[in-house]
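Residue numbers begin at 1 in each chain, while the letters A, B, ... track the order of the sequences. In what follows, every heavy atom counts, from backbone to side chain, and hydrogens, waters and symmetry copies are set aside.
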Number of protein chains: 2
Amino acid sequence: MTTVKKQATISDVAERAGVSVPTVSRVLNQVVPVSEKRRKRVLAAIEELDYRPSAAARTLASRRSRMLSIVTSNTSRYGYAETIRGIELAARAADYTVTISVVENDDPEVVRRAVTAAFSQSPEGVIVLTFDPAGDATLRSLPTSVPVVALSGARADGVPQVLIDESTAAEELVRGLLEMGHRTVHHITVPAVHGEDGRTTGWRAALQEAGAPVPDIIEATWDPQSGRAVGRELAADPQVTAVLCGNDEIALGLMRGLVDGGRRVPQDISVAGFDDHPLSSLWVPSLTTVRQDFSELGARGVATLLAAMSDEADAGDLHTLRPEVQWRESTAVAANQ
Amino acid sequence: MTTVKKQATISDVAERAGVSVPTVSRVLNQVVPVSEKRRKRVLAAIEELDYRPSAAARTLASRRSRMLSIVTSNTSRYGYAETIRGIELAARAADYTVTISVVENDDPEVVRRAVTAAFSQSPEGVIVLTFDPAGDATLRSLPTSVPVVALSGARADGVPQVLIDESTAAEELVRGLLEMGHRTVHHITVPAVHGEDGRTTGWRAALQEAGAPVPDIIEATWDPQSGRAVGRELAADPQVTAVLCGNDEIALGLMRGLVDGGRRVPQDISVAGFDDHPLSSLWVPSLTTVRQDFSELGARGVATLLAAMSDEADAGDLHTLRPEVQWRESTAVAANQ
DNA sequence: GTGAAAGCGCTAACAC
DNA sequence: GTGTTAGCGCTTTCAC
């Protein structure tokens, strides 16, 4: 066992520096001026004692926790993880610490526990990743004692939100596919928020605008392997020549499933995804997709939250990011049928 | 603006329930018995006021924060994200909240700031992801006022650690490749911790044991695109028939680079990775790799930390997980040269 | 079982 | 500028 050295407190520092406790507090918070002489002594004492202020005591006394809570259903999937990274980075730059509260699904009891966990740290603000039903449900049951920002998902009334304009990008993608001679474009979704996500809306709009048939939506899970299963089925269907997937992982799984079923991408079937996962451009064939800047989404979420925390009026209720279509090898002109 | 309802405090609850503040505290912590009648009244008051205890006040009064800090260089890359998910899950089950403190690199000032951030919340324990130089440097400059556990990486003296036995798995992989007729196996590393990682050690050991030549190590970054760049170079080198990569992302990038350079995997060159990334089995060809259970690593880290926090003696200094080699399509018998 | 009193480590308000 | 005094919302003695 290494020896455990007890943490020094502010009064240890004050005593050692020969000043009062509030004076130490003043040099720590550097808002009220302190004479250069004392400042130096205090700084030296802090150094010598390896003093670190207790966040708990500060929070209690100042009623400001310098904490932000993230509520999310998952922390390790690409879009989520990148968003969280963006949040943490922006929060750290603004001198806030982040806690994560995981809400596994939209079961009321699970949601309640996650909300309790998120609020137990007295965060000054909360960011909810409304990418899926779990986040969506959480947003609807959040207390109003603290500013909240929603990230992505369906439009939520009364809550500031940062959105990615998925719909326009999906339209552009589908329109492009139709122009390549595809009769229609099939669509595979990941579990949707209450309502319909922008990808699906944009997909349908583009088909209708072009007078193309609107096929039944195929539902996948978040697991890339479910894309593979769908691919094996679709491989047998000669009607299918182009597929838009709800995310890249599903699209990558789909491509594998199509190969399993003896079809070639893009010669037989074109495939497009959504997200621009770091591996998508490396796939053979590289995947046509929509680049979403998740870390920017997180950063904008923090900026919006900080604004809501300081301003009386909520300056800017809705922010929208424009994603970009990346045409790559997985999509091509339709083969003659 | 929605109306902001002020958070109820414990004395609000006490007053409403007609009991003293400590009594409310007792029902909250359910350690000292409280009469059924009062218990009910208190619970009702809590419900009615939507009361949530202040973690800061609890921490201050009890000197127990119920917080664990994770220090990591990155939160969104696969192995890291999965480990963090495993930690969060296990911590939540033990009723601990997790904060993440990001240390971008091993610059002393950066490390110092991350350590300060990690300790500012008075965590009861700290978990360091020593996957890379940044985590490694952090581990070496951590105060000893609180139990610490290191996850993966090089063996750190005096600190409980959970390791994955990469070395044995790498040996098995390389041995298998040699048995398939490859003259030797090249090796691409990701940025290593101080010293050498187990993958490299195992790779070298297997080559030496078989009397095979030990090629120069090729260094990549964490970016999968760097694997692609390496692949384009190696494609031109007829000596190269088998490559072991430090992780799957690099292996996937490498395969793409080899394809760019006109080589086929596995017919011309066998490729193996490390991690079993969720997309590796979907690749064409599917990637031979070593399955590492990162979320289990995180869970074991929490278990070890909780043990170190409660026990006087550090029960079990070192825990080792056995990863499993997954033979798949990207490796094959060496072609005749 | 239960309440009164003290105090955790800090910041805020006030006097000087 | 600086020290003194309160008090943040809880838990922890300690009587009863």
Report task. With axes from five pairs an end, tell me the bend angle of the helix from dG1(C)-dC16(D) to dC16(C)-dG1(D), nearest 10°. Result -> 30°
Query raised in the report: Any side-chain N or O of T23(B) under 4.0 Å from OP1/OP2 of dT2(C)?
Result: no
Report task. Output, in order, the C-alpha distance, side-chain angles, deciding distance and verdict of salt bridge (charged side-chain N to carboxylate O under 4.0 Å, His left out) for R85(A) and E88(A). Result -> CA-CA 5 Å; R85(A) 195 175 69 78; E88(A) 195 280 338; over 6 Å; no
Query raised in the report: Hey, does R26(A) have a side-chain heavy atom less than 4.5 Å from the side chain of R38(A)?
Result: no
Query - Integer-rounded Å distance: dC10(D) P and N29(B) CG - result: 11 Å
Query raised in the report: Would F131(A) and W222(A) count as a close aromatic pair, with their ring centres under 6.0 Å?
Result: no
Requested in this report: To the nearest 0.5 Å, tell me how far Q161(B) CD sits from S152(B) OG.
Outcome: 7.5 Å
Report task. Tell me whether the OP1 or OP2 atom of dT2(D) has a side-chain N or O from R38(A) closer than 4.0 Å. Result -> yes
Report task. Name the residue closer to the 5' end of DNA chain C, choosing between A57(B) and P33(B) according to the nucleotide with the nearest heavy atom. Result -> P33(B)
Query raised in the report: Base, sugar-phosphate, or nothing: which does V24(A) touch, judged by heavy atoms less than 4.0 Å apart?
Result: nothing
Requested in this report: Could you please spell out the steps behind the side chain to side chain contact (heavy atoms under 4.5 Å, CB included) verdict for V34(A) and V42(A)?
Outcome: CA-CA 10 Å; V34(A) 173; V42(A) 169; 6.0 Å; no
Report task. State whether S54(B) places a side-chain N or O below 4.0 Å from either non-bridging phosphate oxygen (OP1 or OP2) of dG9(D). Result -> no
Report task. Using whole Å, report how far CD of Q30(B) lies from P of dG1(C). Result -> 16 Å
Query raised in the report: Testing I87(B), V302(B), L306(B), L305(B) for side chain to side chain contact (heavy atoms under 4.5 Å, CB included) with Y96(B), which one passes?
Result: L306(B)
Report summary line: Among dT12(D), dC10(C), dA12(C), the one nearest any side-chain atom of S62(A) is dA12(C)
Query raised in the report: Which is true for P22(B) with a 4.0 Å heavy-atom rule: it touches a base, it touches only sugar-phosphate, or it touches nothing?
Result: base
Query - Closest to side chain of S20(B), choosing from dG3(C), dC10(D), dG3(D) - result: dG3(C)
Query - Gap between atom CG of L297(A) and atom CD1 of I84(A) - 0.5 Å precision - result: 11.0 Å
Query raised in the report: Counting only side-chain N and O atoms of S35(B), is one of them less than 4.0 Å from OP1 or OP2 of dT2(C)?
Result: yes
Query raised in the report: Could you state the CG-C1' distance from D12(B) to dG9(D), rounded to the nearest angstrom?
Result: 10 Å
**Report entry** side-chain N/O T59(B) vs dC8(C) OP1/OP2, d < 4.0 Å
**Finding:** no
Query raised in the report: With a 3.5 Å cut-off and no angle check, do the side chains of S69(A) and T99(A) form a donor-acceptor pair?
Result: yes
Requested in this report: Would you mind reading off the distance between I10(B) atom CD1 and dG3(C) atom C1', rounded to a whole angstrom?
Outcome: 13 Å
Query raised in the report: If you check the A61(A) side chain, which of dC14(D), dC8(D), dT4(D) turns out closest?
Result: dC8(D)
Report summary line: Closest to the side chain of T9(B), out of dA12(C), dC10(D), dT11(C), is dC10(D)
Query raised in the report: Between Q121(B) (CD) and dC10(C) (P), how many Å, whole number?
Result: 13 Å
Report summary line: Which of dT11(C), dC8(C), dT2(D) is nearest the side chain of L60(B)? It is dC8(C)
Requested in this report: Figure out the CZ/P separation between R66(A) and dC8(D), and round it to whole Å.
Outcome: 22 Å
Query raised in the report: Given atom CG of L28(A) and atom P of dT11(C), what is their separation to the nearest angstrom?
Result: 6 Å
Report summary line: R63(A) CZ to dG9(D) P, in whole Å, measures 6 Å
